[in-house]
Amino acid sequence: MSSPIDLQRRRFFGIAAMTLAAAEFGMASLANAQTTATASSQSSKSANHTSFPSMKQINAGLLNIGYADVGPIDGPAILLLHGWPYDIYSYVDVAPILASAGYRVLIPYLRGNGTTRFLSDETMRNGQQAALAADMIAFLDALEVKQAVVAGYDWGARTADIMAALWPERCKGLVSVSGYLIGSQEINKKPLAPKAELSWWYQFYFATERGQAGYAANTRDFVRLIWQTASPNWKFTDETFNRSAPAFDNPDHVAITIHNYRWRLGLAEGETRYNAYERELAKLPIITVPTITMEGDANGAPHPAPAAYASKFSGRYEHREVTGGVGHNLPQEAPQAFAKAVLDVAKL
């Protein structure tokens, strides 16, 4: 894991808390040139790949990480990060597109998912935001990858944002679905409008012991419900769901999920090893690396409006809305559009 951030080397700016209740989409103008693009999902249909050609395991930091490794091993690296409750198969149709362009595509299971395991039974099952980002820096270190284009959605987008904010030298570029997702416990103490609070129902459920027991007892049914509500127009098949479902049988999945949402609300403590990172993240740091943010036009999960986060990106920047009924799991629902954004940001 990288050493604590050099405070003299980075400039951080604080802004008011972004509200999830914002309903109007738009783009705030930046000092640097940028454009807003619209991509249709009609040209982004899945190629229906069902597996990865190479699955591997590697010790990295606190974990033994399971990951897909697609494309030439000596190609420039792309790191794709999945969300919750999803897994690496969100990228099963994205990876071949990027590999065919000559990139090495790395798709790890985040802690608590798939074949990723903690190296020690004594390690705290911690889901706080800085822990997931530190995992991915350790993953790149273990593979001796000095720099990668980093892309993700949901938890993966937050992790990618943090990597770009705290370790910009490791990120050649960033693709982030739903934009800037870095947060803090202090910000999360502030109440939202009732409609926005309703969309976070599962966060409050997980804050209770009943919620933890319920998620443990009904994990797959819970995941299926989230898939349906977060992507109301995504007609995924049982085959698609069953391909990802084993990832949620990970022995740490429930603990990591529950801790993540309780930590956000300040109901659970993190680890002191991440305190320096969290202090910087609480300042909502500006991201300087070239970035493309994306949003599906039918995202049923809580997400900020693009206008709320445009000013958080000071480098070359573009926002793209993907139309055609695309929901929260954008890479799997619109793989062509997502892959194009990754390839485009790699050239910025």
Side-chain angles (χ1 to χ4, degrees), residues 39-53 55 66-71 78-101 103 105-110 113-114 149-160 175-179 181 220 222-248 253 292-303 320-345:
S40 172
S41 67
Q42 298 305 310
S43 62
S44 304
K45 297 299 183 183
S46 168
N48 296 318
H49 293 87
T50 60
S51 63
F52 294 101
M55 291 298 302
Y67 65 104
D69 193 345
V70 185
I78 292 173
L79 178 65
L80 302 180
L81 303 175
H82 69 82
W84 174 90
Y86 305 91
D87 78 327
I88 65 174
Y89 283 97
S90 290
Y91 297 109
V92 72
D93 291 313
V94 172
I97 300 171
L98 302 179
S100 68
Y103 290 91
V105 187
L106 301 167
I107 316 170
Y109 282 109
L110 301 184
N113 293 276
V149 173
V150 184
Y153 67 100
D154 194 82
W155 286 23
R158 180 175 295 105
T159 302
V175 174
S176 181
V177 176
S178 298
L181 298 179
R220 292 193 180 191
F222 198 103
V223 169
R224 184 183 287 271
L225 176 62
I226 295 295
W227 283 27
Q228 291 167 342
T229 57
S231 298
N233 296 325
W234 182 32
K235 307 304 180 185
F236 59 88
T237 64
D238 287 343
E239 180 183 8
T240 296
F241 182 81
N242 291 334
R243 190 162 55 238
S244 293
F248 317 124
H253 178 76
I292 293 175
T293 58
M294 307 185 76
E295 191 61 81
D297 65 340
N299 186 356
H303 59 280
R320 297 179 182 181
E321 181 177 353
V322 184
T323 61
V326 175
H328 192 60
N329 186 8
L330 194 152
Q332 197 161 3
E333 298 175 60
Q336 293 283 352
F338 189 86
K340 186 177 189 305
V342 174
L343 292 173
D344 288 348
V345 85

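Bear in mind that the values here come from a model prediction, so they are computed numbers and not experimental data.
- For the side chain to side chain contact (heavy atoms under 4.5 Å, CB included) test, residues two or more places apart in sequence or in another chain that qualify with Ala160 are Leu81, Val150, Leu174.
- Residues satisfying the salt bridge (charged side-chain N to carboxylate O under 4.0 Å, His left out) criterion with Asp344, sequence neighbours excluded, are Arg320, Lys340.
- For the side chain to side chain donor-acceptor pair (under 3.5 Å) test, residues two or more places apart in sequence or in another chain that qualify with Asn329 are Ser90, Gln332.
- Under the 4.5 Å side-chain criterion, counting only non-hydrogen atoms from C-beta, Asn113 is not in contact with Pro85.
- Here Tyr67 pairs with Phe139 under the ring-ring contact (aromatic ring centres under 6.0 Å, His included) rule; sequence neighbours left out.
- No side-chain heavy atom of Val322 sits under 4.5 Å from any side-chain heavy atom of Phe338.
- The distance between the ring centers of Tyr153 and Tyr86 falls below 6.0 angstrom.
- The salt bridge (Lys or Arg N to Asp or Glu O under 4.0 Å) pairs that include a residue from residues 226-241 are Arg224-Asp238, where partners are two or more places apart or lie in different chains.
- The CG atom of Leu80 sits 8.0 Å away from atom CG of Leu106, with the distance rounded to the nearest 0.5 Å.
- Smallest separation of non-hydrogen atoms from Ala341 and Ile292: O-CD1, 3.5 Å.
- Screening His303, His82, His328 for a side-chain hydrogen bond (donor to acceptor under 3.5 Å, both in side chains) involving Asp154 leaves a single residue, His328.
- With sequence neighbours excluded, no residue forms a salt bridge (charged side-chain N to carboxylate O under 4.0 Å, His left out) with Arg243.
- At a threshold of 4.5 Å between non-hydrogen side-chain atoms, the residues Pro53 and Val70 count as touching.
- Not counting sequence neighbours, the partners of Ser231 by the side chain to side chain donor-acceptor pair (under 3.5 Å) test are Glu333.
- Contact annotation: the side chain of Met294 never approaches that of Ser176 to less than 4.5 Å [non-hydrogen atoms, C-beta and beyond].
- Ala339 and Leu98 get closest at one heavy-atom pair: O-CD2, 3.7 Å.
- Between Trp227 and Phe241, the ring planes lie perpendicular to each other; the angle is over 60°, past the 30° to 60° tilted range.
- With sequence neighbours excluded, the residues satisfying side chain to side chain contact (heavy atoms under 4.5 Å, CB included) with Asn233 are Ala298.
- Pairing each heavy atom of Ala101 with each of Leu343, the nearest pair is CB-CD2, 3.8 Å.
- The nearest pair of heavy atoms linking Pro335 to Ile97 is O-CD1, 4.2 Å.
- The aromatic ring centroids of Phe52 and Tyr91 lie 6.0 Å or more from each other.
- Residues passing the side chain to side chain donor-acceptor pair (under 3.5 Å) test with Trp234: none are found, sequence neighbours excluded.
- With rounding to the nearest 0.5 angstrom, the OH atom of Tyr89 is 10.0 Å from the CD1 atom of Ile107.
- For Ser51, there are no side chain to side chain donor-acceptor pair (under 3.5 Å) partners two or more places apart in sequence or in a different chain.
- For Tyr109, the ring-ring contact (aromatic ring centres under 6.0 Å, His included) criterion is met by no residue, not counting sequence neighbours.
- Residues meeting the side chain to side chain contact (heavy atoms under 4.5 Å, CB included) test with Pro232, sequence neighbours left out: none.
- In this structure, Asp297 and Gly324 approach most closely via the heavy-atom pair OD2-N, 3.0 Å.
- Counting all heavy atoms, side chain and backbone alike, Thr293 lies closest to Gly179 at CG2-CA, 3.7 Å.
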